[in-house]
**Student:** 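Quick one: structure below, then a few questions.
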Amino acid sequence: MEAYDHKKIEEKWKDIWFKENLYEAEDFSSKPKRYILAEFPYPSGKAIHVGHAMRYTVPDVYSRYLRMKGYNVMFPMGWDAFGLPAENYAIKTGEHPSKLTHQIIIDYKEAVQRMGYSFDWNREIATTDPSYYKWTQWLFLKFFNAGLAEYKEAPVWWCERMKTVLADEEVINDKDGNKISERGEYPVEKRMFKQWVLKTPQYAEKLLEGLDKVDFPDTIKTAQRNWIGKSEGAGVLFDIEGEKALVFTTRPDTLYGVTFIAIAPENPLVTKLIDRVKNKEDVLQYINKVKDRSDLERQIEKEKTGVILEGIRATVPLAGKKVPVFVADYVLAGYGTATVMGVPAHDERDFDFAKKFNLEMVKVIESKEGKVEENKCYVGEGTMVNSDKYNGMKSEDFKQKIMEDLEKEGLGKQSTIFKIRDWVFSRQRYWGEPIPLVHLEDGTIKPIVDVNNPSDVKKKLPLVLPELPNYSPNEDGSSPLDRDKEWVNTDFDGRKAKRETNTMPNWAGSCWYYLRYCDPKNDEAFADKEKLKYWLPVDKYFGGAEHTTMHLLYSRFWHRFLYDQKLVPTEEPYQWRLNGGLLLGADGRKMSKSYGNVVEPGEYIEKYGADSLRLSICFLGPYEDTYPWNSNSIKATNRLIQTIYSLKDKLSNDKPTKDVEKSYNLMVKNVTNMIENLKINTCISEIMIFVSKFKNEKKINEDIYKGLVKVISPFAPFVAEEIWQEINKFKEWKRENSVHLQEWPLFNESLIEENILTIPVQVNGKVRTSIKVTKDESEDSVKERVENNEKVIKYLEGKPIKKFIYIKGKIINVVV
RNA sequence: GCCCGAGUGGUGGAAUGGCAUACACGCAACACUUAAAAUGUUGUGUCCUUAUGGACAUGCGGGUUCGACUCCCGCCUCGGGCACCA
C-alpha cells in the first residue's frame, strides 16, 4: 500500500496535460458546443491569491463535467495586463511595466496550472500583446468612424494621486460618502478636461432591451437598469425673456403648479441672460462660489442655495403665468436640460427650495385619500385642481392630455432621458493602448489608418506603444507619451501632425477578449466570422460583482455596436451570467496585506495538494456567496481524497452489495443534477456520503470504483487521473486514455427506487410515527393500516378522522 | 430616502410546499499511544425529564394551507447598489 503523495502526482499530471493541451476546443466540431468563460485576471501583484482560486474552480469543474458529457467545450484563459493595476504595481516595484507584466504572466500561468484548471492554452491571449491590441485599436476606430468616439471638453473625475482622469463607473463612495477611485481608493474631484469619450448614452435603449433577452440574475439586471437610468416624460418649452428654455419633466401634469424656474449654474442660458439681470454681480458671485464647491459639499449641504435673476421672468406655457427665475446648484449640469420647472406643492426638492426663498406654492393635485394639508408636499396622483379648464381630471389622464395639447402648440413633446453619461475613454497614463489618431495643425483629427483597407491595416497597425524609460505620470495631467517628441511628431498624408498621446483605459482590452478567444491567432481580422458564429454567444459567464456596471456593461455596449456594424453574429455577448462571491480572510475582513490575513494558495497546495484545495473551495457553499477562509475544511477534503485513494488496494470483481449499488447510483444521479444546476458544494456532500459507506466494504467492486473516480475527476482532477491510469493498468500515457476524456457515468434509476418505503405519519401536521408501505399500495389500504396503528390511535384520542391525506411516497397526514 | 439581496445550531451551510438542521468544521467522551499528533468510534438545536418521552425552535408579528425555512401581507436587522436624476 503506497501513501498518497500529492506533490508527485500533481507535478506529473500538470506537465503532461499542458504538453498535450488536453483540453483543446475544436472549431466547428460536430459535437454541441459550450463556451464557458471566467473573467481573466489582471496582474496587480506578484502571485494569484486564493480569491482567484475560488473564481476559477467552479467554472473549471463545470467545464470538465460538460466535456465528459460529450460537449465541445471552450474554456479559455488570458491576461488583462494593461492598465492602472499593473502600472501602479510597476511603479511600486520600480520595474518597467512591460518587463513586469511579462514576468507576472509567467507566474500566474504556473499558478493556475498548479490548480489544475482545464484551459485550452492554444487560445491564450494577453491584452498587452501588439498582435492583440492591434485589433483593440482597429475596433476603437470603428467607433470613431461611426461618430461614437468624440474629443470633448467636459467635467470629468480627476485623481490627483494617480494623475489621470477616470470614468464615472470607476468612482465609488467610501464609508463617509466621499468620492474615491475604485482602484486604489484615492480621492477624486471633478475638473474640466478635454477627453475622449465613447457615447454610451446613444446605446442606452438597446442596452436596456438586451437585458430582457439574457439570463442574468435580477441583481445584475436591476443594477444595470438603475445605472442606465431611463426616465420617461416631456420636454416642455418655456419662454424666458424671449429666450427658449427647454425643461425636462416626468410630471407634465403639474404644469399649472409651476411657481419658479431653476437653472444650473453651468447652463449656457445664464450667459445669454446675464446682461439683462439687475443683480448681475450677485449672480456672478454665486456662480463663482458654487464652482469651487465640490460635489460632496453640494450634497451634504442641508439647505438648498440659489440666487434669483432680478428682472427676469419666465412664462409657463398654456398657463401663461409669469414666474421668477433662479440659478441654483441643486439643478445638475449633466442631467436632462439643466433646467427645472419648480413645482413646490408636488416635488420635495422644489418644496425645500421654495420654503427657503419664500416662494408661492400652488396645489394642482388633490389626493385620492382626501385633502392634502396646506403647505405640505404631495407627490402622488389624484384629481386636478387649480388647473384651469382641466380641473376635475384624473392626474394620470391629464398627463397624457397635457402632452397632446402642448404638442399641438409646438410647446413640448414626449421625451426620454437617461442617467448614463458618456464613457470617458482616455487616460493620462503610460501603460495602455495608444489611441490610433493624429491631430493636424488645423485642429482636425484623423485616424492613422483606413480600417476598411486590409493592406493599410497591415501596414499601420498596431500602433506600438513606445518604450519610455521613464513612464511615470506628468504632474500637469498631460500624458507621459507627450515626452517622446520623436513619437509624437509625425505626418499625415504629407501634412504635419501630432499623435494623440492619451492612452485607452484598462477596460478597453476586456471589452472584446471573449471574441478573440474564438480565433486568437488571426492576423487578418479581430476574429473569423464563421468561428464567431460557431462559438457565440458565451453560454456561461462567471465573474465578479464589482464589474456589474463596468466591464459587464462596457462589453455589452461594444458588442451591441459591433452587432449593428454586422461584425458579430449575436445581439448580446453573454447568454448567462453569475457573479462570484468573495473569499475573506479568516478574521472575516477583506483579504489585504495591511490586515495580514491574505491566504496564498501555494501554501495549501504544498501541504495538502491542489485537489484538496479545490474540493474545500467547492465545499464552502454556493459560488455567489462570500465566506471567511477556514483552513480546517481542507483537512476534511484531504482526508476524503486519501480515503478514495486507499480504496484501490481492495479492488475485486465480486458483485457489490445491493446497498452499495443503490448508494452509488443515487450519488451519481444527485451529483449529475447538482452540477447541471451549478450546486457544486452539495456535490461534495454526496460524494462524502457515498464514500463513507463504500469504504466500510471488505472488497471494493472495480466497476463502481471506476465510476467513482470519474465522478470525482472534475473536482479532483489530479488524483482521479493517477488512480485511473493505475487501475486500468495503462503501461504508458496515451491522450485518449485520460480520465478527463472519458464519458460521464450513467446511473440506473431502477436500482435507486425502493419497493418498500418508510413514510412518516403526521397527526394534525406533527410527525408521530412512520409506517412501511409498498410502492404501489393503494390509498385505501394505507389508510386502513394507519387507522389501526397503535401510535396513531393514541394521538387521535378517540376523535373521528376529519381528513386523510396520503401524498404517494412522501407523507401521510391525519387530521382530526 | 429609493432599489435589490439575505437572515436556519457554537461556525460554513442543506432542505423551494411534505420527516428542519443533510454534509462538514468545532467541541466532548472513548479507543489506539509511554505521551502527543494523526486516525477511528460515539455524542452534539434549546428547554423539561433518571430514562421512556414531551414541549419549543428557521429574525419578529399576522395570513393562506391538511401541512410553511419555502407562498402572501406588515415590521426589524444586516449586506450591496443608487442617491438633489427634475
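Convention: sequence-line order gives letters A, B, ...; per-chain numbering from 1.
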**Student:** What integer number of Å spans the P atoms of B:C48 and B:G43?
**Tutor:** 22 Å

**Student:** Strictly below 4.0 Å: does A:Arg639 bring a side-chain N or O up to OP1 or OP2 of B:C25?
**Tutor:** yes

**Student:** Looking at B:C66, I'd like to know if its phosphate oxygens (OP1 or OP2) sit under 4.0 Å from a side-chain N or O belonging to A:Lys766.
**Tutor:** no

**Student:** Please classify the nucleic acid contact of A:Phe248 as base, sugar-phosphate, or nothing, using heavy-atom distances under 4.0 Å.
**Tutor:** base

**Student:** Looking only at the side chain of A:Thr219 (C-beta and beyond, no hydrogens), which of the listed nucleotides B:G54, B:C23, B:G5 gets closest?
**Tutor:** B:G5

**Student:** Under 3.5 Å for both donor-acceptor distances, Watson-Crick or wobble: does B:U34 have a partner, and if so which one?
**Tutor:** none

**Student:** Write down the distance between CG (A:Asn681) and P (B:C25), rounded to a whole number of angstrom.
**Tutor:** 16 Å

**Student:** Taking only the C1' atom of each, what is the distance from B:G67 to B:G18 in whole angstrom?
**Tutor:** 7 Å

**Student:** Does B:U52 have a Watson-Crick or wobble partner in any strand here, with both distances under 3.5 angstrom, and which is it?
**Tutor:** none

**Student:** Quote, to the nearest angstrom, the C1' distance that separates B:C47 from B:U42.
**Tutor:** 24 Å

**Student:** I want to check a possible cation-pi pair here: A:Lys190 against A:Trp157, using under 6.0 Å from ring centre and within 45° of the ring axis as the test.
**Tutor:** yes

**Student:** Say you pick atom P in B:G61 and the same atom in B:C76; how far apart are they, in whole Å?
**Tutor:** 15 Å

**Student:** If we check side-chain contact (heavy atoms from CB on, under 4.5 Å) with A:Val719, which of these qualifies: A:Ile644, A:Ile712, A:Leu615?
**Tutor:** A:Ile712

**Student:** Considering just the side-chain nitrogens and oxygens of A:Lys803, establish if one lies under 4.0 Å of OP1 or OP2 belonging to B:C66.
**Tutor:** yes

**Student:** Could you state the atom-to-atom distance from CG of A:Asp253 to P of B:A86 in whole Å?
**Tutor:** 14 Å

**Student:** Round to the nearest Å and state the distance from A:Asn673 atom CG to B:A15 atom P.
**Tutor:** 12 Å

**Student:** Ring centroid separation for A:Tyr554 and A:Trp423, is it under 6.0 angstrom?
**Tutor:** yes

**Student:** Roughly, in whole Å, what's the span from NZ in A:Lys304 to C1' in B:A83?
**Tutor:** 12 Å

**Student:** Tell me what A:Arg421 touches on the nucleic acid: a base, only sugar-phosphate, or nothing, going by heavy atoms under 4.0 Å.
**Tutor:** base

**Student:** Heavy atoms under 4.0 Å, any strand shown: does A:Gln762 hit a base, just sugar-phosphate, or nothing?
**Tutor:** base

**Student:** So do A:Val343 and A:Phe351 actually touch side chain to side chain, heavy atoms under 4.5 Å?
**Tutor:** no

**Student:** Under 4.0 Å, counting only non-hydrogen atoms across every strand here, what does A:Val340 touch: a base, just sugar-phosphate, or nothing?
**Tutor:** base

**Student:** Under 4.0 Å, counting only non-hydrogen atoms across every strand here, what does A:Ser633 touch: a base, just sugar-phosphate, or nothing?
**Tutor:** nothing

**Student:** Mind checking who B:U58 pairs with, Watson-Crick or G-U wobble, both distances under 3.5 Å?
**Tutor:** none

**Student:** Would A:Lys662 and A:Tyr664 count as a cation-pi pair here, with the cationic atom under 6.0 angstrom from the ring centre and within 45° of the axis?
**Tutor:** no

**Student:** Considering only the P atoms, how many Å lie between B:C3 and B:U8, rounded to the nearest integer?
**Tutor:** 24 Å

**Student:** In whole Å, what separates the C1' atom of B:C25 from that of B:G79?
**Tutor:** 24 Å

**Student:** Any idea which of B:G18, B:C82, B:A20 is nearest the A:Lys419 side chain?
**Tutor:** B:C82

**Student:** Indicate syn or anti for B:G9, taking the glycosidic torsion and treating anything within 90° of 0 as syn.
**Tutor:** syn

**Student:** Taking only the P atom of each, what is the distance from B:A22 to B:G9 in whole angstrom?
**Tutor:** 13 Å

**Student:** If you check the A:Val331 side chain, which of B:A86, B:C19, B:C23 turns out closest?
**Tutor:** B:A86

**Student:** Which nucleotide wins on minimum distance to the side chain of A:Lys810, given the candidates B:G53, B:A20, B:G18?
**Tutor:** B:G18

**Student:** So what does A:Leu620 hit on the nucleic acid, given a heavy-atom distance under 4.0 Å: a base, only sugar-phosphate, or nothing?
**Tutor:** sugar-phosphate

**Student:** Whole angstroms only, please: what is the CG-C1' distance between A:Leu332 and B:C84?
**Tutor:** 6 Å

**Student:** Between A:Tyr330 and B:A86, does any side-chain N or O lie under 4.0 Å from OP1 or OP2?
**Tutor:** no

**Student:** What is the pairing partner of B:A20, taking Watson-Crick or G-U wobble pairs with both distances under 3.5 Å in any strand?
**Tutor:** none

**Student:** Would you say A:Lys179 reaches B:C82's phosphate, i.e. side-chain N/O to OP1/OP2 under 4.0 Å?
**Tutor:** no

**Student:** Scan A:Ala636 against the nucleic acid and name what it touches under 4.0 Å (heavy atoms): base, sugar-phosphate only, or nothing.
**Tutor:** sugar-phosphate

**Student:** Under 4.0 Å: is that the gap between some side-chain N or O of A:Ser231 and OP1 or OP2 of B:A86?
**Tutor:** yes

**Student:** Taking a pair as Watson-Crick or G-U wobble with both distances under 3.5 Å, which nucleotide is matched to B:C27?
**Tutor:** B:G43

**Student:** Parallel, tilted or perpendicular, judged at 30° and 60°: which one describes the rings of A:Tyr623 and A:Phe542?
**Tutor:** perpendicular

**Student:** Could you check whether the rings of A:Phe353 and A:Phe326 sit parallel, tilted or perpendicular, using 30° and 60° as the cut-offs?
**Tutor:** perpendicular

**Student:** Using the P atom in both, what is the distance from B:G7 to B:U11, to the nearest Å?
**Tutor:** 15 Å

**Student:** May I ask you to verify if any side-chain N or O of A:Asn226 is less than 4.0 angstrom from the OP1 or OP2 atom of B:C3?
**Tutor:** no

**Student:** Any chance you could measure A:Asp347, atom CG, to A:Met341, atom CE, to the nearest 0.5 Å?
**Tutor:** 9.0 Å

**Student:** With a 3.5 Å cut-off and heavy atoms only, can you find an N or O donor on one side and an acceptor on the other between the side chain of A:Lys635 and the base of B:C25?
**Tutor:** no

**Student:** Measure the distance from CD on A:Glu624 to P on B:G13 and round it to the nearest whole Å.
**Tutor:** 11 Å

**Student:** Please tell me which of A:Pro622 and A:Val814 maps to the more 5' nucleotide of RNA chain B, matching each residue to the nucleotide holding its nearest heavy atom.
**Tutor:** A:Pro622

**Student:** What integer distance in Å separates A:Leu584:CG from B:U11:P?
**Tutor:** 17 Å

**Student:** Students often get this wrong, so: under 4.0 angstrom with heavy atoms, is A:Lys679 touching a base, only sugar-phosphate, or nothing?
**Tutor:** sugar-phosphate

**Student:** How is A:Asn630 classified with respect to the nucleic acid when contacts are heavy atoms under 4.0 Å: base, sugar-phosphate, or nothing?
**Tutor:** sugar-phosphate

**Student:** So if I take every side-chain heavy atom of A:Ile811 and compare against B:C19, B:A86, B:A55, which nucleotide ends up nearest?
**Tutor:** B:C19

**Student:** Could you tell me whether A:Arg251 and A:Asp253 make a salt bridge, using a distance below 4.0 angstrom between a side-chain N and a carboxylate O?
**Tutor:** yes

**Student:** Across all strands shown, which nucleotide pairs with B:C78 by Watson-Crick or G-U wobble geometry, both distances under 3.5 Å?
**Tutor:** B:G5

**Student:** My understanding is that a pair needs two contacts under 3.5 Å, Watson-Crick or G-U wobble. By that rule, which nucleotide pairs with B:C71?
**Tutor:** B:G63

**Student:** Quick one: label A:Ile805 by what it contacts on the DNA or RNA (base, sugar-phosphate, nothing), any heavy atom closer than 4.0 Å.
**Tutor:** base

**Student:** Could you state the CD-P distance from A:Gln224 to B:G5, rounded to the nearest angstrom?
**Tutor:** 16 Å

**Student:** Using 30° and 60° as the class boundaries, would you call the ring planes of A:Tyr608 and A:Tyr604 parallel, tilted or perpendicular?
**Tutor:** parallel

**Student:** I want to confirm an ordering. Mapping A:Pro628 and A:Thr222 to their closest nucleotides on RNA chain B, which one lands closer to the 5' end?
**Tutor:** A:Thr222

